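Proteins come first, then strands; the chains are lettered A, B, ... in the order of their sequence lines, and each starts at number 1. In this text, all values refer to a predicted model and were calculated from it rather than measured experimentally.
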Number of protein chains: 2
Amino acid sequence: MFEESGLPLYKSLYEKLRRQIEEGIYRSGDLLPSENELSALYGLARSTVRNALDRLVNDGFIVKQQGRGSIVKGKAKGVGILSLKSTSSALGGNLSTRLIVKPEIRSWKEAFGYTISQNERDAGCIYFERLRLINNRPVFFDITMLPNINLPRFTMHKLENASLFDLLRTAYQIEVTGGVQHLYALKANKELQEYFQVKAGHPVLQLNRKIETNRPGMHIYSKVFCNTQEYALFGTF
Amino acid sequence: MFEESGLPLYKSLYEKLRRQIEEGIYRSGDLLPSENELSALYGLARSTVRNALDRLVNDGFIVKQQGRGSIVKGKAKGVGILSLKSTSSALGGNLSTRLIVKPEIRSWKEAFGYTISQNERDAGCIYFERLRLINNRPVFFDITMLPNINLPRFTMHKLENASLFDLLRTAYQIEVTGGVQHLYALKANKELQEYFQVKAGHPVLQLNRKIETNRPGMHIYSKVFCNTQEYALFGTF
DNA sequence: GAGTGGTCTAGACCACCCG
DNA sequence: GGGTGGTCTAGACCACTCC
């Protein structure tokens, strides 16, 4: 079944099941085939099947229940805090992005308090600022910096409509593997007052992050301000 | 070695290694004994050892490197956002807790906006409030509620010096498996002004969480307020 | 080349859920 | 009682790191 993919068998099975869940072939609440069935179906040892299922559990696609089976959850967990949710109504998808500073190459100054490696410093810095709007109301303002390591034509891509992480994964095979973040509550300064159209003293949430990728030594640094008046920062873990 | 603990073998090994890391017997950067060494040392199959090590990886205590070994990270990742870090200096461990409301059994009123199951409602609610201080300065104020399901003598335990999660894990074999959280920035109200000794309008971070456990249908509900003036909320993912 | 973790097999027995 | 996932064993070969 998976002989020619080049991937480990458990990873092929993981990808296959993940795809089937994301495409709706298995829906939330459905049971996956049992471990023994999958084992027989694809000619794999049960522990290989378990390896694939364990990763689906870890990534939030399924939960297991002894005596019952593997139950599809239907949506993956976000990476740290990334998703968001309306406090008043369901987020309809009216998400838009306004580029405040287009991606440009700079030299590094600082990285929101995180330390950068000499490699990253030498490569130079891709810098951009974005304002994110939900239903045409500004909710996020973020500053992103990443080292310009083997990212040909990065500054040519549109960041308006695509997620940075989607772009990195599909165009450069860069995946987020983890990271660290710091959170603060603070009063809006003049710039944020203007972006968010709020009064002085308005409480704003700030999120600094250093994100690890599958490229050793390559990190993404970002600072995000969030107006939580109407929308809460939301995450699963 | 682990015959009489009643725990699964991999879990006993996990706890043993975790303890050794937390006690500093293995320090950050050290290599753990190899899988084959641990296997021989404790008379376990290698896959049982790997099960324990995989969980240490998952919980952030070690990282593995093919061809080298299992490298101790030294500190665990928090569950979602849980850990904290000084913005000015290293957190020296002067962490103390003041119980504002001692654990008591109540009936459920609400769960910070999350929905609770009928089972949880029927079981009643263990409720407590804590103020957490770092170097004698108040930093967190949290309200915790959990269903009183099979938790004998829970209200007898001291919550001053032990983490709730450590208590649940060691005394009741309850482990956190995931959860959902919502974050807000807001102005301190009168109660928070008093607890944190800050002025009116001071920005405060609020964190609502519904935490899943390995007991199906049992959740922990908590609301945390954080004064991020000196200490940031900190998390790895 | 010796040792490490990564992948994989083919079994076994157990605890748990459901009909 | 039959099927499920949970735990565990005893092997094997591979990719990688380090000396």
Side-chain angles (χ1 to χ4, degrees), chain A residues 1-17 26 29-58 61-73 177 214-217, chain B residues 1-17 26 29-58 61-73 119 149-150 173-175 177 213-218:
Chain A
M1 184 68 196
F2 301 126
E3 297 83 356
E4 307 181 23
S5 65
L7 285 176
L9 298 174
Y10 77 86
K11 206 169 276 188
S12 299
L13 179 57
Y14 166 91
E15 292 291 350
K16 186 180 188 70
L17 293 171
Y26 295 113
D30 285 357
L31 287 175
L32 287 187
S34 77
E35 296 180 353
N36 284 322
E37 282 171 346
L38 289 169
S39 169
L41 193 54
Y42 298 113
L44 302 171
R46 188 174 154 219
S47 62
T48 302
V49 172
R50 280 181 65 79
N51 192 344
L53 294 182
D54 285 349
R55 283 159 205 262
L56 288 171
V57 169
N58 219 3
F61 290 101
I62 64 173
V63 292
K64 287 181 163 201
Q65 217 171 309
Q66 191 176 135
R68 282 198 55 207
S70 300
I71 301 146
V72 174
K73 258 182 151 174
T177 55
N214 57 352
R215 284 200 194 168
Chain B
M1 182 67 194
F2 300 126
E3 296 84 357
E4 307 181 22
S5 65
L7 285 176
L9 298 175
Y10 78 86
K11 207 168 275 188
S12 300
L13 179 57
Y14 167 91
E15 292 291 351
K16 185 179 188 70
L17 294 172
Y26 296 113
D30 286 356
L31 288 175
L32 287 188
S34 75
E35 297 181 353
N36 284 321
E37 284 172 344
L38 289 170
S39 169
L41 194 53
Y42 297 112
L44 302 171
R46 188 174 154 219
S47 63
T48 302
V49 172
R50 280 180 65 78
N51 193 344
L53 294 182
D54 285 350
R55 283 159 205 261
L56 288 171
V57 169
N58 218 3
F61 289 102
I62 63 174
V63 291
K64 287 181 165 201
Q65 215 173 312
Q66 192 175 129
R68 281 197 59 205
S70 301
I71 302 145
V72 174
K73 261 180 148 174
N119 267 350
I149 303 175
N150 205 0
Q173 285 79 52
I174 294 175
E175 285 171 32
T177 54
T213 71
N214 58 351
R215 283 201 195 169
M218 176 168 178

Take B:Leu38 and B:Leu44 through the test side-chain contact (heavy atoms from CB on, under 4.5 Å) and record every step on the way to the result. CA-CA 8 Å; B:Leu38 289 170; B:Leu44 302 171; over 6 Å; no
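With sequence neighbours left out, A:Lys64 forms a side-chain hydrogen bond (donor to acceptor under 3.5 Å, both in side chains) with A:Glu35.
Between A:Thr48 and A:Asn51, the closest side-chain pair of non-hydrogen atoms is not below 4.5 Å.
Side-chain atoms of B:Arg55 do not come within 3.5 Å of backbone N or O of B:Tyr10 as any donor-acceptor pair.
Here the shortest heavy-atom pairing between B:Ile62 and B:Ser70 reads CD1-CB, 4.0 Å.
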Report, as a single string ordered 5' to 3', how protein heavy atoms within less than 4.0 Å touch nucleotides 4-13 of chain D: B base, S sugar-phosphate only, - not at all. BBBBSB--B-
